[in-house]
Amino acid sequence: MRALVAANWKMHKTLKEAEDYLRRLLELVPPDPPVELAVFPSFTALALASEMLSGSPIALGAQNGHPEREGAFTGEVSMHQLADLGVQYVICGHSERRKIFGETDEFVAAKVRAAWAYGITPILCVGETLEERRAGKAWEVVERQLSVAIEGLSGPLVIAYEPVWAIGTGVPAHPKDAQEMARQIRAWLSAHFGERGEEVRIQYGGSVKPENAGEFLRLPEIQGALVGGASLDPESFWRIAQGAIGGRPSE
Ligand code: PEP
């Protein structure tokens, strides 16, 4: 299964910065990379990215999408509009959206369904807080997030295991803990969806950097990474992707 290494820019980059980044990334990435790369710009840069990445091996993703097709939802952008721009992936249930914007498991489920309805692959983020991990509830929390968000497997899916305490902190999970959680997620997928569950890619996310990417990406249980801070520089993002390829990241 081809790993997916995704760059979540969050609320960063002007249009000019986005253009400079994408131009450099397009220079770095060969025409047929053994790992799939995807870039998730802010909405303001999505149309530009769609044009620049068209025909390239780099996929386009959106950081969020509203489940309704259209209507009175000021400030929102729908999955329908994203599909119209050629968006291939959409992040659903990122912990920042759950925590800062109060998104519930049910709302995340509606987004996942809508993404499939418009032919977009959802990247469903799941993960526990530090308190939940310390209380021995990490799997209980992740299982609840999975069960509510994925009632049926109606299309291609990526699951990003992102322990909340590892996001943006510079302190990644121990690879063994990420591996253990990925195993549990895989077993859950198999129990619920049989062979179809095997097609789902499981990413790790949380303070992935060029220096540690290989520790996660070379684990057979993990098929990619969702990267925030360290994806903001094209060279750094490409070095992380090389960690998935198994090559020694260039200095
Ligand atoms: C993220 O935003 O999903 C993330 C993992 O961020 P960071 O890599 O900065 O921890």
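Atoms within a ligand are numbered from 1 in the order they appear, just like the ligands themselves. All residue numbers in this chain count up from 1 along the given sequence.
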When the ring planes of [X] and [Y] are compared, do they come out parallel, tilted or perpendicular, using 30° and 60° as the limits?
X   : Y    : result
H80 : Y118 : tilted
Y89 : F40  : tilted
F73 : H66  : tilted

Minimum heavy-atom distance between V87 and I120, given as atom pair plus value
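Where V87 meets I120 most closely, the heavy atoms are O-CG1, 3.7 Å.
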
Would you check ligand 1 and list the protein residues that come within less than 4.0 Å of it by any heavy atom, ordered by chain and number?
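Contacts of ligand 1 under 4.0 Å: N8, K10, H94, E162, A166, I167, G168, G205, G206, S207, L226, V227, G228, G229.
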
CD on E96 to CD on Q63, rounded to 0.5 Å
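These two atoms lie 9.0 Å from each other.
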
With salt bridge (Lys or Arg N to Asp or Glu O under 4.0 Å) as the criterion, how do E221 and R183 come out once you've worked through the C-alpha distance, each side chain's angles and the decisive distance to 0.1 Å?
CA-CA 6 Å; E221 291 83 356; R183 266 191 204 135; 3.1 Å; yes

